[in-house]
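In what follows, a single structure is set out as structure tokens and then discussed.
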Amino acid sequence: QVQLVQSGGGSVQAGGSLRLSCTASGFTNYRYCVAWFRQPPGNEREGVAAAYMGDAMATYYADSVKGRFTTSHDDVKNTLYLHMNSLKPEDTAVYYCAARERSLGQPCVATVEDFNSWGQGTQVTVSS
């Protein structure tokens, strides 16, 4: 059974940085797809970034975070990180990680419908 445990987040002033962590367990293949999503107050969940665990580079970034957010991973810890820099008030949201097994022909992108394993969510609040 796949489990995702998130940590990190919190409150920061605009221009600051935060790091989110997502630790996965239960995957049969180490090279699974992990994505980050966020849900601002009153809005739908939206994709932020995605990457294959074990790969050096992310496969997807939303336009709104390109150049500010990056992903990294620790394969030993089965943990994917979302590094959020130059944070803006509009980045305020509950952030979720999600993961799925790698599927031939299916790109690793942050599309909500592609995932059925989710972390518990963590609040990120950016004040102006």
Side-chain angles (χ1 to χ4, degrees):
Q1 183 179 359
V2 173
Q3 288 189 324
L4 303 175
V5 177
Q6 295 181 226
S7 61
S11 298
V12 66
Q13 289 191 326
S17 299
L18 287 172
R19 188 186 77 170
L20 305 182
S21 302
C22 178
T23 300
S25 61
F27 281 100
T28 57
N29 187 327
Y30 80 96
R31 199 168 177 269
Y32 46 90
C33 172
V34 182
W36 289 98
F37 297 84
R38 65 186 181 186
Q39 189 161 12
N43 290 319
E44 294 185 352
R45 197 166 298 187
E46 60 186 25
V48 174
Y52 281 115
M53 188 65 78
D55 279 2
M57 296 180 63
T59 54
Y60 169 83
Y61 286 112
D63 288 342
S64 58
V65 306
K66 282 181 181 177
R68 300 188 299 122
F69 290 13
T70 59
T71 63
S72 66
H73 56 88
D74 183 328
D75 294 342
V76 175
K77 297 181 179 179
N78 284 330
T79 298
L80 190 78
Y81 302 98
L82 182 66
H83 304 271
M84 305 183 293
N85 301 310
S86 302
L87 283 161
K88 305 175 182 180
E90 50 264 44
D91 294 319
T92 294
V94 177
Y95 283 72
Y96 298 89
C97 67
R100 60 168 176 80
E101 297 279 4
R102 185 185 183 190
S103 179
L104 188 63
Q106 184 180 17
C108 182
V109 293
T111 302
V112 172
E113 293 76 18
D114 288 350
F115 296 87
N116 54 16
S117 297
W118 292 83
Q120 78 274 22
T122 185
Q123 178 69 45
V124 171
T125 302
V126 185
S127 58
S128 57

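Computed from a predicted structure; not experimentally measured.
Between Ala50 and Ala110, the shortest heavy-atom distance links the atoms CB-N, 3.9 Å. The heavy-atom pair separating Ala62 from Gly47 by the smallest distance is CB-O, 3.4 Å. The shortest heavy-atom contact between Val12 and Ser17 is CG2-N, 4.0 Å. A pairwise comparison of heavy atoms in Thr71 and Ala51 identifies OG1-CB, 4.0 Å as the closest pair. Looking at every heavy atom in both residues, Val34 comes nearest to Cys108 through N-SG, 4.1 Å. The two residues Thr70 and Tyr61 make their nearest non-hydrogen contact at CA-OH, 3.1 Å.
No donor-acceptor distance shorter than 3.5 angstrom exists from the side chain of Thr23 to the backbone of Asn78, with no hydrogens or angles considered. The main-chain N or O of Trp118 is never found under 3.5 Å from a side-chain atom of Gln6 such that the two would form a donor-acceptor pair.
The only option from Cys97, Ser72, Ser7 that meets the side chain to side chain contact (heavy atoms under 4.5 Å, CB included) definition with Tyr81 turns out to be Ser72.
Listed by first and then second residue, the salt bridge (charged side-chain N to carboxylate O under 4.0 Å, His left out) pairs involving residues 8-20 amount to none (not counting sequence neighbours). Screening residues 39-53 for salt bridge (charged side-chain N to carboxylate O under 4.0 Å, His left out), with sequence neighbours left out, gives Arg38-Glu46.
Two different hydrophobic clusters hold Tyr96 and Val65 under the rule that ILVMFWY side chains link at heavy-atom gaps under 4.5 Å. When the side chains of ILVMFWY residues are joined at heavy-atom separations under 4.5 Å, either directly or via intervening members, Tyr60 and Leu82 end up in two distinct hydrophobic clusters. In this structure, Trp36 is a member of the same hydrophobic cluster as Val2, with clusters built from ILVMFWY side-chain heavy atoms closer than 4.5 Å.
Gln123 and Thr125 form a side-chain donor-acceptor contact under 3.5 Å, judged by distance and modelled atom types alone. Donor-acceptor pairing under 3.5 Å is recorded for the side chains of His73 and Asp75.
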Query raised in the report: Between Ser21 and Thr79, does a side chain to side chain donor-acceptor pair (under 3.5 Å) hold up when you go through it step by step?
Result: CA-CA 7 Å; Ser21 302; Thr79 298; over 6 Å; no
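Under the 4.5 Å side-chain criterion, counting only non-hydrogen atoms from C-beta, Leu18 is in contact with Leu87. Inter-residue side-chain proximity for Cys33 and Arg100 is flagged as met; some heavy-atom pair is nearer than 4.5 Å.
Atom CG of residue Leu4 and atom OG of residue Ser117 lie 6.0 Å apart, to the nearest 0.5 angstrom. The CD atom of Gln3 sits 11.0 Å away from the CZ atom of Phe27 when rounded to the nearest 0.5 Å. To the nearest 0.5 Å, the span separating OH on Tyr52 from OG1 on Thr59 amounts to 6.5 Å. Atom CE of Met84 and atom CG of Leu20 lie 3.5 Å apart (nearest 0.5 Å). Note that CZ of Arg68 and CG of Asp91 are 4.0 Å apart. Values are rounded to the nearest 0.5 Å. Put simply, CG on Asp55 and CE on Met53 are 10.5 Å apart, with the number rounded to the nearest 0.5 Å.
In this structure, Phe115 and Phe37 have perpendicular ring planes: the angle between them is above 60°, well past the 30° mark.
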